[in-house]
Amino acid sequence: MKLRPDGKPTEEYRIAVLASGRGSNLQALLDAIEGGSLPARVVGVFSDKPNCGAIALAREAGIATVALRPRDFADRDAHDEALFSAVAAVQPDLIVCAGYLRIISAASVRRFEGRMINIHPSLLPKYPGLDTHARALAAGDAEHGASVHVVVPELDAGPRLAQVRIPVLPGDDAAGLAARLLPREHALLAATCSLLATRRLDIGGGRVRFDGRDLAAPLQLDAHDQLQEA
Ligand SMILES: Nc1nc2c(c(=O)[nH]1)N[C@@H](CN(C=O)c1ccc(C(=O)N[C@@H](CCC(=O)O)C(=O)O)cc1)CN2
Ligand SMILES: NCC(=O)N[C@@H]1O[C@H](COP(=O)([O-])[O-])[C@@H](O)[C@H]1O
């Protein structure tokens, strides 16, 4: 892919977003595109929940949407195959799972190998799965955070690209911790997608490379929303 003198790709970088919830991470990507820090276009939003906020946000923004309810399909694999065939149809360079609450089949993960990432609300490898904030509090962790990782068939087990850390404060409950983490997630996801869109970060071929070198540890988001090597 040729890059312009300003480092931005000459052709648009096409992002498909999968979501099941309110869509604040989707909105963060749209804001970053609008603000000029993310040289990309969201070419489709896909969900298992037709009435979720992310689908409504996408429609409002004039972005193509496909929402398929699992209960309308014979089984998980049939739903998964239908949804990811719709994803393939928009020819994305990157698929971003942003609160997509379905475990994706190994076949669909392999179909988009090297092109699918997820934002997860924990400092992986701690707390894969759900209810991460409550689990961090129950463990008495002094810090919590979020991770962007490559999606592999095993849940939340893929190579980690970037992380952001926040302190756990006295009196935090799960909802308060989640609310304080969310804006940092938005910055983390947008910054990571910017590095992917400008090809500084490469997740193809089963490896993670940053500025042409193997990435040994996840990049860390600093107080200025810039990603720094650990
Ligand atoms: N094969 C993979 N699929 C997904 C990954 C992944 O790394 N590999 N990341 C997730 C996102 N995720 C956490 O970040 C996550 C999504 C869904 C679940 C889960 O248990 N889902 C249940 C249904 C839960 C519900 O409907 O409330 C299920 O699918 O049966 C855990 C973690 C995206 N998918
Ligand atoms: N295991 C996946 C998971 O829990 N993802 C989390 O869902 C939320 C989606 O919010 P949003 O719909 O406002 O973007 C985000 O906090 C994201 O980290």
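Each ligand, and each atom within it, is numbered from 1 in the order the structure gives.
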* Within a distance under 4.0 Å of any heavy atom of Tyr100, pick out the atoms of ligand 1 and give their elements. => 11 (C), 16 (C), 33 (C)
* Heavy-atom nearest option to atom 7 (O) of ligand 2, drawn from Ala98, Gly53, Gly99, Gly21 -> Gly99
* Under 3.5 Å donor-acceptor, Arg69 side chain and Asp72 backbone -> no
* To do: State whether a side-chain donor-acceptor pair under 3.5 Å links Ser20 with Asp48.
  => yes
* Does a side chain donor of either Ser85 or Arg111 reach within less than 3.5 Å of an acceptor in the other side chain? -> yes
* To do: Measure the distance from atom 2 (C) of ligand 2 to every protein heavy atom, then report the residue, atom name and distance (to 0.1 Å) of the closest one.
  => Leu101 CD2, 3.8 Å
* Asked: For atom 27 (O) of ligand 1, is the nearest protein heavy atom under 4.0 Å away?
  -> no
* Which of the numbered atoms in ligand 2 are below 4.0 angstrom from a heavy atom of Leu182? -> 16 (O)
* Tell me, which protein residue and heavy-atom name are nearest atom 3 (C) of ligand 2, and how many Å apart are they? -> Pro121 CD, 3.7 Å
* Asked: Is ligand 2 under 4.0 Å from a heavy atom in the side chain of Thr132, in the backbone, in both, or in neither?
  -> neither
* Structure fact -> Among non-hydrogen protein atoms, atom 8 (C) of ligand 2 lies closest to Arg22 NH2, 4.1 Å
* Asked: Heavy-atom contact under 4.0 Å between Cys52 and ligand 2?
  -> no
* **Residue Gly129 vicinity, atoms of ligand 2 by number, heavy atom under 4.0 Å** => 1 (N)
* For atom 20 (O) of ligand 1, grab the closest protein heavy atom and report residue, atom and distance to one decimal in Å. => Leu130 CD1, 3.7 Å
* Structure fact -> Looking only at non-hydrogen atoms, the one of Arg76, His120, Arg102, Met116 nearest atom 30 (O) of ligand 1 is Arg76
* **For atom 9 (N) of ligand 1, closest protein heavy-atom neighbour** => Asp156 OD1, 3.3 Å
* Say whether Ile103, considering both its backbone and side-chain N or O atoms, lies within less than 3.5 Å of an N or O atom on ligand 1. => yes
* To do: Return a yes/no value for Asn25: is any of its N or O atoms, backbone included, closer than 3.5 angstrom to an N or O of ligand 2?
  => yes
* To do: Examine distances only and state if a side-chain atom of Arg14 and a backbone atom of Gln91 form a donor-acceptor pair shorter than 3.5 Å.
  => yes
* Asked: When you check the side-chain N and O atoms of Ser147 and His149, is any donor under 3.5 Å from an acceptor?
  -> no
* Structure fact -> Nearest heavy atom to atom 17 (C) of ligand 1, choosing from Asp80, Leu101, Val109, belongs to Leu101
* Which atoms of ligand 2 have any heavy atom of Ile119 under 4.0 Å away? -> 5 (N), 18 (O)
* **Close-contact set for ligand 2 against Gly23 heavy atoms, below 4.0 Å** => 11 (P), 12 (O), 13 (O), 14 (O)
* Just jot down the ligand 1 atoms closer than 4.0 angstrom to any heavy atom of His149, in number order. => 7 (O)
* Backbone or side chain, does any N or O of Leu155 fall under 3.5 Å from an N or O of ligand 1? -> no
* Return yes when Val152 approaches ligand 1 closer than 4.0 angstrom through a heavy atom, no otherwise. => yes
* Asked: Using 4.0 Å as the upper bound for N to carboxylate O, is an ion pair formed by Arg207 and Asp202?
  -> no
* Structure fact -> ligand 2 atoms nearer than 4.0 angstrom to some heavy atom of His120 are 1 (N)
* Short question: side chain of His144, backbone of Leu177 - any donor-acceptor pair under 3.5 Å? -> no
* Report yes or no: do Val17 and Leu201 belong to one cluster of Ile/Leu/Val/Met/Phe/Trp/Tyr joined by side chain heavy-atom distances under 4.5 Å? => yes
* Arg135 side-chain N/O to Pro128 backbone N/O, donor-acceptor pair under 3.5 Å -> yes
* Between Arg41 and Glu11, is the closest basic N to carboxylate O distance under 4.0 Å? -> no
* To do: Measure the distance from atom 18 (O) of ligand 2 to every protein heavy atom, then report the residue, atom name and distance (to 0.1 Å) of the closest one.
  => Glu185 OE1, 2.5 Å
* Asked: Where on Pro153 is there a heavy atom closer than 4.0 Å to ligand 1, on the side chain, on the backbone, on both, or on neither?
  -> backbone
* Structure fact -> The protein heavy atom nearest to atom 3 (N) of ligand 1 is Ile104 N, 2.9 Å
* Asked: Taking 4.0 angstrom as the limit, do Asp80 and Arg102 come out as a salt bridge?
  -> no
* Take His186 and Ser24 through the test side chain to side chain donor-acceptor pair (under 3.5 Å) and record every step on the way to the result. => CA-CA 8 Å; His186 296 160; Ser24 71; 2.8 Å; yes
* With rounding to the nearest 0.5 Å, note down the distance linking CG in Leu188 to CG in Leu182. => 11.5 Å
* Looking only at heavy atoms, what is the nearest atom pair of Val168 and Arg180, with distance? -> CA-NH2, 3.9 Å
* Verify, without hydrogens or angle tests, whether Ser47 (side chain) and Ala67 (backbone) share a donor-acceptor contact under 3.5 angstrom. => no
* **Lys49 N/O to ligand 1 N/O under 3.5 Å** => no
